[in-house]
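Only one structure is covered here, and it is reproduced in the block below.
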Amino acid sequence: MQEIQEVIKSILSGQTATGIKRLQYMPYKIDVAMKYLNQIGLSFEPKFELTSEQEDVYIELIKYIHGDPGFNGTLEKGLLLIGPSGTGKTLAMKIIQAYRMIDDTFYLKDGKPYRMNFDIYHVNDIVSRFIEDGFDGIDLYCRRYVACFDDIGTEIEQVKHYGNKLDVMSHIFAERYAHGLLTFGTSNFPVSVLEEKYDDRTISRMYALFNFVIMKGKDFRRT
């Protein structure tokens, strides 16, 4: 049974949202890029420090933004940063959000160019929008060409709006997968826990949408 599950995971991890093609922003110098990242990080968090534990992750994030074929993953997928609370996942996405503006990076969707600029939305705020306004309240999150969802897995799993019961994030993942939209996110939960929280269909969409990136390191908020 375990072998079968590993085969299924391998197949799912090879799927991507349809129609996405990444552009290359090369050449670039990784040491110069890291200096920019450090400066951006300090502008957000005065105690920010590129530790040895996180350096490799940030190098991969730089490669990803530049569309570098050397990226250790699938460039046509988005990113899901996973790690314990306080390891800098949301901060990392804010840093990348700012860093990509240097080259004003684009990606192609069905042959048309779209900026890779994105906003970061907390999943509990999104669920609240559904409770208040129903499907109209969450349409933005289903349709934006690039979006980042913060704290995936912490949301209430089933909520209602005038009798309509919905697992909001599962719905959004399914919509974004169906429309081939670039998707980012963060989560405090390891993949094994996410697989327990969401149904098989949602997990298959997450494997198709995301490169899973593990974040480690100290909590800057407690130092």
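Hydrogens, waters and symmetry mates are skipped; everything else that's a heavy atom, side chains included, is used.
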Main chain of [Y], side chain of [X]: is a donor-acceptor contact present, judged purely on distance under 3.5 Å?
{"X": "Thr202", "Y": "Tyr198", "answer": "no"}
{"X": "Lys77", "Y": "Leu182", "answer": "no"}
{"X": "Gln54", "Y": "Thr87", "answer": "yes"}
{"X": "Thr183", "Y": "Leu181", "answer": "yes"}
{"X": "Glu60", "Y": "Asn72", "answer": "yes"}

- Query: Can you tell me if Thr90 and Asp150 form a side-chain donor-acceptor pair at under 3.5 Å?
  - Reply: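 Note: Thr90 and Asp150 side chains meet the donor-acceptor criterion.
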- Do we see a donor-acceptor contact under 3.5 Å between the side chains of Ser170 and Asp167? yes
For the residue pair [X] and [Y], what are the closest heavy atoms and their distance?
{"X": "Ile65", "Y": "Thr105", "value": "O-CG2, 3.6 Å"}
{"X": "Leu61", "Y": "Ile96", "value": "CB-CD1, 3.6 Å"}
{"X": "Arg176", "Y": "Tyr141", "value": "NH1-O, 2.9 Å"}
{"X": "Ala92", "Y": "Leu81", "value": "CB-CD1, 3.7 Å"}

- Quickly, which of Ile95, Thr51, Asn38 forms a side-chain contact (heavy atoms from CB on, under 4.5 Å) with Tyr58? Name it, please.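 Checked Ile95, Thr51, Asn38 against Tyr58; only one passes side-chain contact (heavy atoms from CB on, under 4.5 Å): Ile95.
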- What about Phe130 and Phe135, are their ring centers closer than 6.0 Å? yes
- Task: State yes or no: are the ring centers of Phe184 and Phe210 separated by less than 6.0 Å?
- Result: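 Ring centres of Phe210 and Phe184 not closer than 6.0 Å.
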- Query: Considering residues, nucleotides and ligands other than Met101, do more than 12 of their heavy atoms fall under 6.0 Å from its CE?
  - Reply: no
- Item | Greater than 12 external heavy atoms within 6.0 Å of Phe44's CZ |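 Yes, enclosed.
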- Message: I'd like to know if Lys94 and Glu45 make a salt bridge, using a cut-off of under 4.0 Å between side-chain N and carboxylate O.
- Response: no
- Query: Should Asp119 and Arg144 count as an ion pair when the cut-off is N to O under 4.0 Å?
  - Reply: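 Yes.
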- Which pairs with one or both residues in residues 69-115 pass ring-ring contact (aromatic ring centres under 6.0 Å, His included), sequence neighbours excluded? Tyr64-Phe71, His66-Tyr99, Tyr114-Tyr145
- salt bridge (Lys or Arg N to Asp or Glu O under 4.0 Å) assessment of Asp136 paired with Arg129: CA-CA 9 Å; Asp136 288 343; Arg129 288 294 304 275; over 6 Å; no
- Given side chains that start at C-beta, do those of Met93 and Thr186 come closer than 4.5 Å, heavy atoms only? yes
- Hey, does Asn117 have a side-chain heavy atom less than 4.5 Å from the side chain of Val146?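 They are not in contact (no side-chain heavy atoms under 4.5 Å apart), so the answer is no.
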